[in-house]
Protein chains: 2
Amino acid sequence: MDVKTVCLGMLTDGEATGYDLKKQFESSFGHFFAAGYGSIYPALSALAEQGLVSCEEIPQEGKPDRKVYAITTEGRQFLLDALQNTSPCHKVRSEFLAMMCFAHLMRPADVEAVLDNRLADIERFKGMFDEIEAGSMNDWPPGMKFVLGFGKTIAGTMERYINDNRYLLTEQSEEQSVAS
Amino acid sequence: MDVKTVCLGMLTDGEATGYDLKKQFESSFGHFFAAGYGSIYPALSALAEQGLVSCEEIPQEGKPDRKVYAITTEGRQFLLDALQNTSPCHKVRSEFLAMMCFAHLMRPADVEAVLDNRLADIERFKGMFDEIEAGSMNDWPPGMKFVLGFGKTIAGTMERYINDNRYLLTEQSEEQSVAS
DNA sequence: CCGTCATATATCGGGGCGATGTATACTATC
DNA sequence: GATAGTATACATCGCCCCGATATATGACGG
């Protein structure tokens with residue numbers, strides 16, 4: 001389940017350009033599987049080289065050729081094989097949590113700012129989820145609904161946890177400074 | 001807040017070898033910020049080159065020298081500066097969720113297996129959290145308690161969400177196969 | 001006696017991320 | 001009407017990181 005495989009999966013919904021896929025990563029996959037041009041374009045090139053996708057180059061005036069990719073029969077088989085790995089990982093890389101481990105070394109005002117920024121980020125995600133739900137969700141595969149609900153639930157929990165427990169990082173800092 | 005900075009932060013608790021830091025990554029930081037030898041050793045070398053840590057080489061018979069690292073005054077200042085970035089990121093990279101987006105292309109039995117494996121992983125994390133809590137938590141900085149609580153809360157929410165919503169991926173698949 | 005774990009180091013290749021660059025055309029804003 | 005921004009569309013480069021692997025030895029258990 002690397003970027004290549006996810007691109008392949010996205011192409012089961014129909015042909016697309018690298019630019020199209022980037023938009024899909026941003027709008028619906030971004031919150032749990034990000035990918036930029038630096039990952040997508042090389043991935044599509046490699047998939048084409050392996051014969052897992054076909055590439056139709058449509059010339060454009062003044063602009064670079066539009067490269068429309070479509071999944072091939074071999075690509076479909078490759079994807080089905082990849083989907084048989086029953087131990088996909090789920091990793092978190094949080095500079096936020098790492099930083100909070102060292103909150104006692106930070107200025108209280110900075111700790112507050114970090115927490116507020118995180119809450120703002122979560123709010124942005126919730127807005128994104130609502131936008132997705134406002135669209136046509138009926139023709140979605142069931143997995144998409146599961147994943148969207150997952151994101152919404154975790155976002156809500158994170159928000160609540162931060163609000164309910166930020167006193168651990170802030171009030172306690174003040175107590176320490178009072179005690180010293 | 002890259003691996004280098006986190007190592008620097010860990011060294012504020014006292015001197016340590018790369019091996020020691022790896023153990024700390026595994027036991028307490030692993031669930032939100034993983035790092036292997038391939039990240040830690042180069043990070044420590046770079047920190048030493050920059051003068052942010054000192055390195056005492058203790059010869060050992062038959063074994064490679066034990067390199068004990070300690071944070072320097074410049075290192076402490078560098079860390080404090082790094083901790084003033086009030087927009088640390090929090091990223092998820094989930095092959096699990098990516099895979100579930102394509103659940104409709106998977107064999108129902110494989111979907112079940114993936115969900116069960118994820119639940120088992122979460123259970124392992126919860127065991128880890130309990131082990132940490134069983135240790136001496138009193139001398140911990142408040143941030144550690146916040147981060148541990150965060151991990152426990154999210155793990156619980158994930159577990160509940162998967163159990164409550166797996167029917168979206170499984171029953172519905174059966175309905176589809178009945179309908180076809 | 002053998003396997004495996006713990007201690008302790010280090011490197012290598014592949015992968016991915018963010019930033020940047022190149023072009024053009026349309027659309028706001030002032 | 002000029003200027004700035006946004007959208008389309010491609011591509012690459014360097015840095016960082018992750019997993020796997022290699023090396024060496026002593027201890028402990030089956």
Side-chain angles (χ1 to χ4, degrees), chain A residues 1-8 15-27 29-50 55-69 82 85 87-95 98, chain B residues 1-8 15-27 29-50 55-69 82 85 87-95 98:
Chain A
M1 264 287 147
D2 49 7
V3 174
K4 261 164 54 184
T5 316
V6 175
C7 288
L8 213 46
E15 54 182 31
T17 66
Y19 190 77
D20 293 333
L21 293 184
K22 175 66 170 23
K23 276 192 294 185
Q24 206 177 334
F25 270 107
E26 271 168 5
S27 66
F29 278 64
H31 65 101
F32 62 86
F33 203 107
Y37 293 128
S39 310
I40 295 169
Y41 285 120
L44 288 171
S45 299
L47 287 170
E49 232 175 280
Q50 289 176 261
C55 173
E56 193 191 353
E57 293 190 39
I58 299 171
Q60 296 186 119
E61 293 142 29
K63 299 179 192 178
D65 293 0
R66 214 175 113 91
K67 294 188 178 176
V68 179
Y69 293 92
N85 165 25
S87 299
C89 70
H90 176 92
K91 279 179 241 164
V92 177
R93 181 168 203 85
S94 179
E95 298 184 3
Chain B
M1 262 286 146
D2 49 6
V3 174
K4 261 164 54 183
T5 315
V6 175
C7 288
L8 212 47
E15 52 181 33
T17 66
Y19 190 76
D20 293 332
L21 294 184
K22 175 66 168 29
K23 277 192 295 184
Q24 207 179 332
F25 270 107
E26 269 168 6
S27 65
F29 278 63
H31 64 102
F32 63 86
F33 203 107
Y37 293 128
S39 310
I40 295 169
Y41 284 120
L44 288 171
S45 299
L47 286 171
E49 232 175 281
Q50 290 176 258
C55 174
E56 193 190 355
E57 291 189 42
I58 300 170
Q60 293 186 121
E61 294 141 31
K63 298 179 191 177
D65 293 358
R66 213 176 114 92
K67 294 188 179 178
V68 179
Y69 293 91
N85 165 25
S87 299
C89 70
H90 176 91
K91 280 179 239 164
V92 177
R93 181 169 203 85
S94 180
E95 298 183 3

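Quantities reported herein were computed from a predicted structural model and do not represent experimental measurements. Here is how names work: the chains are called A, B, and so on, in the same order as the sequence lines, proteins then strands, and each is numbered from 1.
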message: What's the closest nucleotide to the side chain of B/Tyr41 if the choices are D/dA9, D/dA11, C/dT11?
response: C/dT11
Nucleotide N/O of nucleotides 16-18 of chain D paired with protein N/O under 3.5 Å:
{"residue": "D/dC17", "atom": "OP1", "partner": "B/Val3", "partner atom": "N", "Å": "3.1"}
{"residue": "D/dC18", "atom": "OP1", "partner": "A/Arg93", "partner atom": "NH1", "Å": "2.4"}
{"residue": "D/dC18", "atom": "OP1", "partner": "A/Arg93", "partner atom": "NH2", "Å": "3.3"}
{"residue": "D/dC18", "atom": "OP1", "partner": "B/Ala34", "partner atom": "O", "Å": "3.3"}
{"residue": "D/dC18", "atom": "OP2", "partner": "B/Ser39", "partner atom": "OG", "Å": "2.7"}

Among D/dC10, C/dT9, D/dT12, the one nearest A/Pro42 by side-chain distance: D/dT12
Whole-Å gap separating P (C/dT9) and NZ (B/Lys67): 8 Å
- prompt: For the side chain of B/Tyr37, counting heavy atoms from C-beta on, which of D/dA9, C/dA10, C/dT7 is nearest?
  reply: C/dA10
query: Given atom CG of A/Asp20 and atom C1' of D/dC10, what is their separation to the nearest angstrom?
result: 13 Å
- prompt: How would you list all residue pairs meeting side-chain hydrogen bond (donor to acceptor under 3.5 Å, both in side chains) that involve residues 38-50 of chain A, not counting sequence neighbours?
  reply: A/Lys4-A/Gln50
message: Using five pairs at each end of the helix from C/dC1-D/dG30 to C/dC30-D/dG1 to define an axis, what is the angle between those two axes, to 10°?
response: 40°
query: C/dT7 phosphate, OP1 or OP2: any side-chain N/O from B/Lys23 under 4.0 angstrom?
result: yes
- request: Using the six-membered ring of B/Phe33, assess whether NZ or CZ of A/Arg93 lies under 6.0 Å from its centre and within 45 degrees of the ring axis.
  value: yes
- request: Give a yes or no answer on whether the side chain of B/Asn85 reaches the backbone of B/Ser87 with a donor-acceptor pair at less than 3.5 Å.
  value: yes
field: Distance in angstrom units between B/Gln24 CD and C/dA6 P, rounded
entry: 18 Å
- request: Would you indicate, yes or no, if D/dT8 has its OP1 or OP2 atom less than 4.0 angstrom from a side-chain nitrogen or oxygen of A/Tyr19?
  value: yes
message: Can you tell me if B/Glu26 has over 12 outside heavy atoms packed within less than 6.0 Å of its CD?
response: yes
